[in-house]
Amino acid sequence: MNISNETKTNLTINGAVTGNPLSSVSVSRVLLVLITVSVFWVLVKLGFWQLARAEYKHQWQATLAERQQQAPLDYQQLLTLIKPNKPADITPETALLTGYRLSVKATPLQQPLLLLDNQVYQGQVGYLAYQIFEVTAENPWILVELGFIPAGNDRQELPALAAISAGQYELTGRVYQKLANPLSDELHPEIHADKPIRFQNINIPALALLLKHDIATAVLQPDNVPQHSLPQPWVPIPLSAQKHQGYALQWFTMAAVFLGLMGWIAYKQYRNDTRR
């Protein structure tokens, strides 16, 4: 006895269809659901990551404020805190010495001034100027920030800046360390006779090799620089906690808009299918 195709595919027992219940689900619908869930999950995860960074920045800001209230370190205490064997590129911000205060008596050395390139202060492009100081003959030298100096119109011409004259100076201020730039942390020094050395990144080990002398891996930003009154930018936290919270709100908003859009597309598709 022959049974028709329609009878095979729509055989019912007590009114229940015995065919494959997923046969009516198209591939496009499955893809729509997978894409919606995946993208929504990524957007929400990015939002929570930004909130975690905001909380971390709050803690880091509190750590900086606490360090600023402490008595200044002397040079030996600073050297003890420095961990020379810990790679800078994996050191979290809170493990850096940024924010500690330091008080030293130091002498400027007869070394070229150093100009950190591509710096911006209040909308102006220029350099951060540094000078090498010696605390004692047996200890590493220390890099002292002199301040920001604007660049001229001609990049070939470096700004004129006088080095601090010879003598012993009492310097008190805050120290900072920089995390290594994962894209580029090379020194890239530009050396010309009787001119400052222009360089691209604060890479103190590379600078020590260039000058053939150990240099402490923390920079001193004095409260008052002798013989100079240049502005001294202080941005220990490039992105504040408030900015991270703003970014988190953007990610959550994008997730909600995306979910609403995909829900509207699914609803329109459902309405079109029911009219057929």
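Basis for what follows: all heavy atoms, side chains included, without hydrogens, waters or symmetry-related copies. Bear in mind the structure is a predicted one, so any value in this text is a computation, not a measurement.
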Please check this pair: side chain of [X] against backbone of [Y], looking for a donor-acceptor N/O pair closer than 3.5 Å.
{"X": "E145", "Y": "P222", "result": "no"}
{"X": "Q221", "Y": "P233", "result": "yes"}
{"X": "Q227", "Y": "S165", "result": "yes"}
{"X": "N203", "Y": "D185", "result": "yes"}

query: Which of parallel (below 30°), tilted (30 to 60°) and perpendicular (above 60°) describes F252 and F48?
result: perpendicular

Cluster link [X] to [Y], ILVMFWY, side chain under 4.5 Å:
{"X": "L128", "Y": "L187", "result": "yes"}
{"X": "L211", "Y": "V144", "result": "no"}
{"X": "L261", "Y": "W41", "result": "yes"}
{"X": "L249", "Y": "F258", "result": "no"}
{"X": "Y130", "Y": "L230", "result": "no"}

What heavy-atom pair brings [X] and [Y] nearest, and what distance separates the two atoms?
{"X": "Q77", "Y": "P72", "answer": "OE1-O, 4.4 Å"}
{"X": "P236", "Y": "W60", "answer": "O-NE1, 4.0 Å"}
{"X": "R101", "Y": "Q70", "answer": "CD-O, 4.4 Å"}
{"X": "F40", "Y": "A255", "answer": "CD1-O, 3.5 Å"}
{"X": "P159", "Y": "P150", "answer": "CB-O, 3.9 Å"}
{"X": "A160", "Y": "I149", "answer": "O-CD1, 3.8 Å"}

Validation row: [X], [Y] side chains within 4.5 angstrom (heavy atoms):
{"X": "Y127", "Y": "L161", "value": "no"}
{"X": "P189", "Y": "L210", "value": "yes"}
{"X": "L115", "Y": "I197", "value": "no"}
{"X": "E55", "Y": "Q245", "value": "no"}
{"X": "Q232", "Y": "V225", "value": "yes"}

If we check side chain to side chain contact (heavy atoms under 4.5 Å, CB included) with [X], which of these qualifies: [options]?
{"X": "T217", "options": "L97, I204, L96", "answer": "I204"}
{"X": "F133", "options": "L171, L109, T107", "answer": "L171"}
{"X": "I142", "options": "V219, L79, L102", "answer": "L102"}

Calculate, to the nearest 0.5 Å, the distance between atoms [atom1] and [atom2] belonging to [X] and [Y] respectively.
{"X": "I164", "Y": "H228", "atom1": "CD1", "atom2": "NE2", "value": "5.0 Å"}
{"X": "R174", "Y": "R67", "atom1": "CZ", "atom2": "CZ", "value": "13.5 Å"}
{"X": "L78", "Y": "Y100", "atom1": "CG", "atom2": "OH", "value": "10.0 Å"}
{"X": "F148", "Y": "L116", "atom1": "CZ", "atom2": "CG", "value": "10.5 Å"}
{"X": "K105", "Y": "T172", "atom1": "NZ", "atom2": "OG1", "value": "10.5 Å"}
{"X": "H192", "Y": "Q156", "atom1": "NE2", "atom2": "CD", "value": "7.5 Å"}

Over 12 foreign heavy atoms within 6.0 Å of [atom1], [X]:
{"X": "N224", "atom1": "CG", "result": "no"}
{"X": "W234", "atom1": "CH2", "result": "yes"}
{"X": "W141", "atom1": "CH2", "result": "yes"}
{"X": "Q110", "atom1": "CD", "result": "no"}

Y176 six-ring centre to K178 NZ/CZ under 6.0 Å and within 45° of normal: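 Pair K178/Y176 counts as cation-pi.
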
message: Using the rule given for side-chain hydrogen bond (donor to acceptor under 3.5 Å, both in side chains), can you reason through Q200 versus S184, listing the C-alpha separation, both sets of side-chain angles and the distance that settles it, and then say yes or no?
response: CA-CA 9 Å; Q200 300 302 315; S184 173; over 6 Å; no

